[in-house]
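Working notes, structure below.
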Amino acid sequence: MYPDQEGAKKINDEKGNIHYKTEPVDATDVDKSLKGLRTMVSGFHHLKPKQAKQVLQSASDSKQPICIFEISDNSHPKAIWWLATPFNLITCLFVTLLARPITWQQLVFTYLIPIIPIAFAWDGAVSNARTYTLDDLDLLLKDVDSEGYTWKKGIVKGKSKKIYLIGKAL
């Protein structure tokens, strides 16, 4: 919905097969004239179920491929999400020093008035809690008309589970 115009110009100035669309695109109702792979990386959990279904239905209706990846894992007991919150808060204190350029506002709101670490830790816990599970994906897909379209979902195992959902035309 909010394309990075500067980033788009850099990508579009390069010769290649990737084009960055500079106009807003509503993932719940993509213009059928747009062709190509749709991707959502670590963002699907921000959609309410109705919106998530609309994204899936839009891909299916247009017969365009879609890949959805989530790096958080919602399969652990809820208490673990909240136990990770202090760790995330402390991590933010160290990661801030690696960010460039560092501004005075960033230092003030990280170390003197710790709004940034609190927001960072809270966002991590809440995002994890909102991540759709494989069972949730089944519920979403149940209401999607997928005639001529197929779905594959699963988990990529590693240090943490990463959920994916891939849709494509038959």
Side-chain angles (χ1 to χ4, degrees), residues 1-14 16-78 80-82 84-85 88 91-92 95 99 116 119-170:
M1 292 292 293
Y2 309 100
D4 174 1
Q5 298 298 324
E6 188 177 314
K9 181 169 177 16
K10 287 179 186 176
I11 290 170
N12 291 338
D13 286 347
E14 294 180 13
N17 294 329
I18 297 175
H19 174 75
Y20 193 131
K21 186 162 177 55
T22 56
E23 297 82 28
V25 175
D26 180 354
T28 65
D29 186 25
V30 178
D31 181 347
K32 290 188 185 201
S33 68
L34 289 177
K35 305 296 181 200
L37 175 65
R38 301 172 185 189
T39 58
M40 291 190 94
V41 179
S42 298
F44 199 61
H45 66 270
H46 289 283
L47 303 177
K48 294 179 179 176
K50 180 180 177 185
Q51 294 171 306
K53 288 177 193 177
Q54 289 172 323
V55 167
L56 302 176
Q57 189 66 64
S58 176
S60 178
D61 288 347
S62 64
K63 304 293 187 245
Q64 295 302 304
I66 187 168
C67 297
I68 298 170
F69 300 96
E70 288 286 356
I71 61 169
S72 58
D73 178 10
N74 189 2
S75 65
H76 299 295
K78 290 178 178 45
I80 291 178
W81 305 330
W82 300 112
T85 302
N88 289 342
T91 299
C92 184
V95 171
I116 293 173
F120 179 80
W122 174 258
D123 180 63
V126 171
S127 289
N128 205 32
R130 290 182 53 148
T131 299
Y132 291 105
T133 64
L134 294 177
D135 291 339
D136 294 332
L137 294 177
D138 285 337
L139 289 172
L140 293 173
L141 289 170
K142 182 179 75 161
D143 296 330
V144 173
D145 177 14
S146 298
E147 186 175 331
Y149 204 79
T150 185
W151 298 98
K152 180 180 178 183
K153 63 181 175 55
I155 295 174
V156 177
K157 294 186 181 180
K159 289 183 180 180
S160 66
K161 293 180 186 175
K162 295 155 190 75
I163 291 176
Y164 68 86
L165 176 63
I166 298 173
K168 64 180 183 173
L170 294 173

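Side-chain atoms are counted along with the backbone in the values below, which use heavy atoms only and exclude waters and symmetry mates.
Counting non-hydrogen atoms of neighbouring residues, nucleotides and ligands closer than 6.0 angstrom, the NZ atom of Lys9 reaches no more than 12 such neighbours. Around atom CD of Glu6, no more than 12 heavy atoms belonging to other residues, nucleotides or ligands sit under 6.0 Å away. In the displayed structure, Leu141 atom CG is contacted under 6.0 Å by more than 12 heavy atoms of other residues, nucleotides or ligands. Leu170 CG: more than 12 foreign heavy atoms inside a 6.0 Å radius. In the displayed structure, Lys50 atom NZ is contacted under 6.0 Å by at most 12 heavy atoms of other residues, nucleotides or ligands. Heavy atoms from other residues, nucleotides or ligands lying under 6.0 Å from NZ of Lys162 number more than 12. Around CD of Glu147, the count of heavy atoms belonging to other residues, nucleotides or ligands within 6.0 Å does not exceed 12.
Side-chain contact check for Asp136 and Thr133: at least one donor-acceptor pair (N or O, by modelled atom type) lies under 3.5 Å.
For the pair Tyr132/Leu140, a side-chain contact is recorded, criterion being any heavy-atom separation below 4.5 Å from C-beta on. The shortest distance between side-chain heavy atoms of Asp143 and Gln57 does not fall below 4.5 Å. Residues Val55 and Ile66 meet the side-chain proximity criterion, which asks for heavy atoms closer than 4.5 Å. By the 4.5 Å heavy-atom criterion applied to side chains, Cys67 and Leu37 are counted as neighbours. Residues Val25 and Asp31 have side chains not in contact (no heavy-atom distance under 4.5 Å, counting atoms from C-beta outward). When side chains are defined from C-beta on, Asn12 does not count as touching Ile18, because their heavy atoms never get closer than 4.5 Å.
Nearest approach of Ser62 to Lys32, heavy atoms of both residues: CB-CG, 4.4 Å. Shortest non-hydrogen contact noted between Met1 and Asp26 is SD-CA, 3.6 Å. Here the shortest heavy-atom pairing between Ser146 and Ser60 reads CA-OG, 3.5 Å. Contact detail for Thr85 and Ala121: the closest heavy-atom pair is O-CB, 3.5 Å.
Tyr20 places a side-chain N or O within donor-acceptor distance of the main-chain N or O of Asp4, the cut-off being under 3.5 Å. Looking only at distances, a side-chain donor or acceptor of Arg130 sits under 3.5 Å from a matching main-chain atom of His46. Panel note: side chain Ser127, backbone Gly124; no donor-acceptor pair is recorded below 3.5 Å. In this structure a side-chain-to-backbone donor-acceptor pair under 3.5 Å is missing from Asp123 to Ala119. At least one donor-acceptor pair under 3.5 Å links the side chain of Glu70 to the backbone N or O of His45. In terms of modelled atom types and a separation under 3.5 Å, the side chain of Gln51 and the main chain of Lys48 share a donor-acceptor contact. Not a single donor-acceptor pair under 3.5 Å links the side chain of Ser58 to the backbone N or O of Gln54.
Note that the NZ atom of Lys63 and the OH atom of Tyr149 stand 8.5 Å from one another [nearest 0.5 Å]. With values rounded to the nearest 0.5 angstrom, Thr22 atom OG1 is found 11.5 Å from Ile11 atom CD1. One distance of note links CG of Asp145 with CG of Asp61; it measures 7.0 Å at 0.5 Å rounding.
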The test is side-chain contact (heavy atoms from CB on, under 4.5 Å); show your working for Lys21 and Leu34 and say whether it passes. CA-CA 10 Å; Lys21 186 162 177 55; Leu34 289 177; 3.7 Å; yes
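Using a cut-off of 4.0 Å between Lys/Arg side-chain N and Asp/Glu carboxylate O, Lys142 and Asp138 are scored as not salt-bridged.
Trp151 pairs with exactly one of Ile166, Leu137, Leu165 by the side chain to side chain contact (heavy atoms under 4.5 Å, CB included) rule, that one being Leu165.
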